[in-house]
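Everything on this sheet refers to the single structure shown next.
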2 protein chains.
Amino acid sequence: MEEPERKVGARVRLVDVARAAGVSKTTVSDALNGAGRLPDATREHVRQVARRLGYRPNATARRLRAGRSRLLGLAAREFVEHPWFYTELAYFARLTAATTRAGMTHGYGVVLLPTTGPDDYWTDLPLDGVFVVDPVEGDPLVGDFLAAGVAVVSDRRAVAGTPWPWVDFDYGAALRGVLDHLAAAGARRIAAVGAPTTACYHRDSVQAYLDWSAERGRVPLLAQLGGPGFEPTLAAVERLLSDPEPPDALVVLVEVSPSLLLDRIRKLGRSVPGDLLLVCATEDPTAPFTDPPVSTLSFLPVETADIAVGMLVDLIEGRGVAGGRLLQARFDIRTSSAPRSVPGG
Amino acid sequence: MEEPERKVGARVRLVDVARAAGVSKTTVSDALNGAGRLPDATREHVRQVARRLGYRPNATARRLRAGRSRLLGLAAREFVEHPWFYTELAYFARLTAATTRAGMTHGYGVVLLPTTGPDDYWTDLPLDGVFVVDPVEGDPLVGDFLAAGVAVVSDRRAVAGTPWPWVDFDYGAALRGVLDHLAAAGARRIAAVGAPTTACYHRDSVQAYLDWSAERGRVPLLAQLGGPGFEPTLAAVERLLSDPEPPDALVVLVEVSPSLLLDRIRKLGRSVPGDLLLVCATEDPTAPFTDPPVSTLSFLPVETADIAVGMLVDLIEGRGVAGGRLLQARFDIRTSSAPRSVPGG
DNA sequence: ATGAAAGCGCTAACAT
DNA sequence: ATGTTAGCGCTTTCAT
C-alpha cells in the first residue's frame, strides 16, 4: 500500500529498493553483491525487498561504472567483399559456438559482427575486444579497433609480426604432411582445390602445394576458387577430374560437405579410394560417417576459440599476453586416402 | 606541445576534445552528432580536433544515457538440457546469420546466448530484447527476461496464446502437404523421423503424421530421436528401413545432411527415388545438388529472423506489435520424391 | 551561438 | 554498521 507511485512499465532501480527497504543505495548494492560488511539480517532484508519489487540491476550502468563492457566481438574477414553467411561453413559454425561458450566461461557476451555493413556499425558497439578471423592484409577493421582502444586477437598472422596476439597454424607443414601421406599411399598425380583469398591459410597452403610439387618434379594441378560457397568447389573438382592427365588424388582445401563431394565424384564415374584418394580440410562432423569415411585435416576451431578468447580476456583485464600461439593441425586418416596397393616387401 | 598530460593508454573522452578545441562538451556533442545549430566553421573545427586526438565516443555511456543498449539476444532452446552447438545445424546457422544481419540493419548488435550456462549470465547481459527460438513450455528463460523488462519474441507459440509476439508456421498443414504429395506419387507406406522434443514444431508435425495416417487407415512407422546430432538420425533411418514391412517413402523432420542421408540409404541397398521416396525438412543448401536432388520442406529462417527482429525493434522502440505472424512453409519438390509410376490415363 | 548543469543507474571512496 | 558523495562518459534541457 505504501509503494511510491511509479510510472507503469518503468524499471525498478537500485534507489527504489533502497527507499522501500529504508536503507541507502550503498547498503543495497553491498547486500546484493555480497560486498561490504553487513549483518546477515540487513542483507537478507534487502534481498527480500529487491525480490519483491522485481529489481534487476541495469547491466549497462554497471558496465559503464566498471569501465568495461564485458562484450567481445567476433568477425570473419574472409571474402569480406561478398555478403555471405559465414556461419554456414562448418569451420565457422564451430568457431562461433566455441567463441560464445568461451566468452561465457569468462563472463563475457559475444556479439557476432556481420561480414558487411556500415563502418560506424562496428565502432558504435560497446566492445572490450574482438576476435578477428582471417584478417585481410592491413585490415582496416583491425586498425579501427586498435585505434579505438579495443583489444584485438586474430587467428592468423595477417602479416608476419603483427603487433597484436594471435593463434595460428603452420599451414605449409600441415599440407606437406598430407601430401607425403598421399604419395606414400601411391598417388602419382595429386590435384588441389584452393582459394586465392586474402586469408594466409590459403596462400600458405597453396604455396606449400606448389613447392612440394616442384621439389619432386611433379606438375601441379590446381584449381583456385573465386568466391565462397560449395558450388564453385564442386565445379572446380569436375574440372580437375576431367583434366587430360587426370589426378589419382585430391586435396580440397576449402570447406565442403564430404558426402556431397563424394556424391559428385561418384557421378563422374570415379570411385574413392579406388580411382581417387581424397583428403578434405573441413570441420564437417559427418566426415567419419560417409561411405567411405573421408580423411580430414582439421584446424581445431574449438581450441582456437578457447585460446583466442583467453588471450582477449587477459589483454582486457590487464594481464600481459605473450606474442602468439602456434598450434598443430590434426590429420585424421580414414578410408578415403587408404593406400591403393600394399607395397610388397 | 600543449596537449594536457594524460596517462598513456587512457581513452580520449568527450571532455578532452572540448578542452582541446576550446569549447564546451555540448558543442562537441552537437558538432559530432550533427545536432544543434552550430556554424559550419565550429562544427568542422571540432571534428578536426576530435579526429586529431583519435576520439571515439564511449558506446556504453551513450547507451546508458539513451536508456537502451541496442543489443539483442538470440537463444535456441531446443535440447536445452544437452550442451550442443546449435550453429552446426543448417537451420540455426542461417537463422543466426540472418538475425545478425537484421539486427544490423536496425542498428542493433546481436549477442549469441549459449544453450547452457549459469543463470545469472543471461540476466547480466545488457539486452533490450531477445529472440527465443523453440522456447520450452513455460520457459524459465522467457519468464526471466519478461520479468527483467526485456522484450521477447519467439519463433514458436510455446503455448497457445503466448502473451508475447511470435512468428510461426502451421506445421500440421505443411506436413500434410508433404504426405499428400508422397501418396500422390505412389507411396503406400510412409515412414517418418521426428524428435520428441519440447519444440512444438516436432510435436505438431508428428501429431499431423499420426492423424494423417489414422485418417487413411495406414499404420504409422515412426522413429523418435532422443537428442541432437546426425548419428541418432541415421541410426533411426536404418531401423525404419529394416522394418519387416519396409517403407517406400521417408520424411525426415530433423535436420540432417541430405547427401549423408542418401549415402546411408544407398549403403542399405535402397535407391532413391526408385525404392524410396525422400523428403527432408532441412535448410541444408546442398539439397538441390545431391544425386538425386532432395525434396525439402523449409521453414524460412531468413524471413523468420527478419520478422522477429522487426517485431523486437518495434517493441523496444515503443511501436506496438500485433500478436503474431503465421508464415507458410516452402515445399521444394525435387527428384527424390518424383512419382514412381505415371498412372495411365 | 554556446555553455552550465543535471542526470542515465550504478559502485566505491570516504565519512560517520 | 550504514550513509553521503563523487563520479563512469555521455546527451540534453535550459540559460545566457
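Sequence lines set the chain letters: A, B, ... in the order given, protein chains first and strands last, and positions in each chain run from 1. It should be emphasised that the depicted structure is a prediction, and the values quoted were computed from it without experimental measurement.
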All N/O pairs under 3.5 Å across the protein-nucleotides 12-15 of chain D interface:
{"residue": "D:dT12", "atom": "O4'", "partner": "B:Arg65", "partner atom": "NH1", "Å": "3.3"}
{"residue": "D:dT12", "atom": "O4", "partner": "B:Thr26", "partner atom": "OG1", "Å": "3.0"}

Take atom [atom1] of [X] and atom [atom2] of [N], then tell me their distance rounded to the nearest Å.
| X | N | atom1 | atom2 | result |
| --- | --- | --- | --- | --- |
| B:Asp124 | C:dC10 | CG | C1' | 13 Å |
| A:Leu14 | C:dG7 | CG | P | 17 Å |
| B:Leu64 | D:dG7 | CG | P | 17 Å |
| A:Arg19 | D:dG3 | CZ | P | 14 Å |
| B:Arg63 | D:dC10 | CZ | C1' | 13 Å |
| A:Arg13 | C:dC10 | CZ | P | 8 Å |
| B:Arg43 | C:dA1 | CZ | C1' | 11 Å |
| A:Asp128 | D:dG9 | CG | C1' | 15 Å |

For A:Arg319, what residues pass the salt bridge (charged side-chain N to carboxylate O under 4.0 Å, His left out) criterion, not counting sequence neighbours?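 Checked A:Arg319 against salt bridge (charged side-chain N to carboxylate O under 4.0 Å, His left out); matches are A:Asp314, A:Glu317.
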
Partner set under salt bridge (charged side-chain N to carboxylate O under 4.0 Å, His left out) for B:Arg94, not counting sequence neighbours: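 With neighbours one apart ignored, the set is A:Glu88.
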
Scan residues 117-128 of chain A for pairs that pass salt bridge (Lys or Arg N to Asp or Glu O under 4.0 Å), counting only residues two or more places apart or in two chains.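 Output for this query lists A:Asp124-B:Arg62.
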
Contact list for residues 103-112 of chain A, test salt bridge (Lys or Arg N to Asp or Glu O under 4.0 Å), sequence neighbours left out: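 The answer is none; no pair qualifies.
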
The side chain of B:Tyr55 lies closest to which of these nucleotides: C:dT2, D:dC10, C:dC10?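 Out of C:dT2, D:dC10, C:dC10, the nucleotide with an atom closest to B:Tyr55's side chain is D:dC10.
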
A:Asn58 side chain: which of C:dT2, D:dC10, C:dG9 is closest?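 Of the candidates, C:dG9 comes closest.
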
For a quick check under 3.5 Å, do B:Thr96 and B:Thr99 share a side-chain donor-acceptor pair by atom type?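 B:Thr99 and B:Thr96 do not have a side-chain donor-acceptor pair below 3.5 Å.
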
Both B:Ala61 and B:Gly22 contact DNA chain C. Taking the nearest nucleotide for each, which residue is further toward the 5' end?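 Nearest nucleotide further toward 5': that of B:Gly22.
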
What is the nucleic acid contact for A:Thr42, judged by heavy atoms within less than 4.0 Å: base, sugar-phosphate only, or nothing?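 The residue A:Thr42 makes sugar-phosphate contact but no base contact.
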
Under 3.5 Å, sequence neighbours excluded: what are the donor-acceptor pairs made by side chains of residues 140-147 of chain B?
none

Does OP1 or OP2 of D:dT2 have a side-chain N or O of A:Ser24 closer than 4.0 Å?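 No, because none of the side-chain N or O atoms of A:Ser24 sits under 4.0 Å from OP1 or OP2 of D:dT2.
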
Checking side-chain contact (heavy atoms from CB on, under 4.5 Å) for the pair A:Asp134/A:Asp155: CA distance, chi angles, key distance, verdict? CA-CA 6 Å; A:Asp134 290 323; A:Asp155 75 325; 4.1 Å; yes

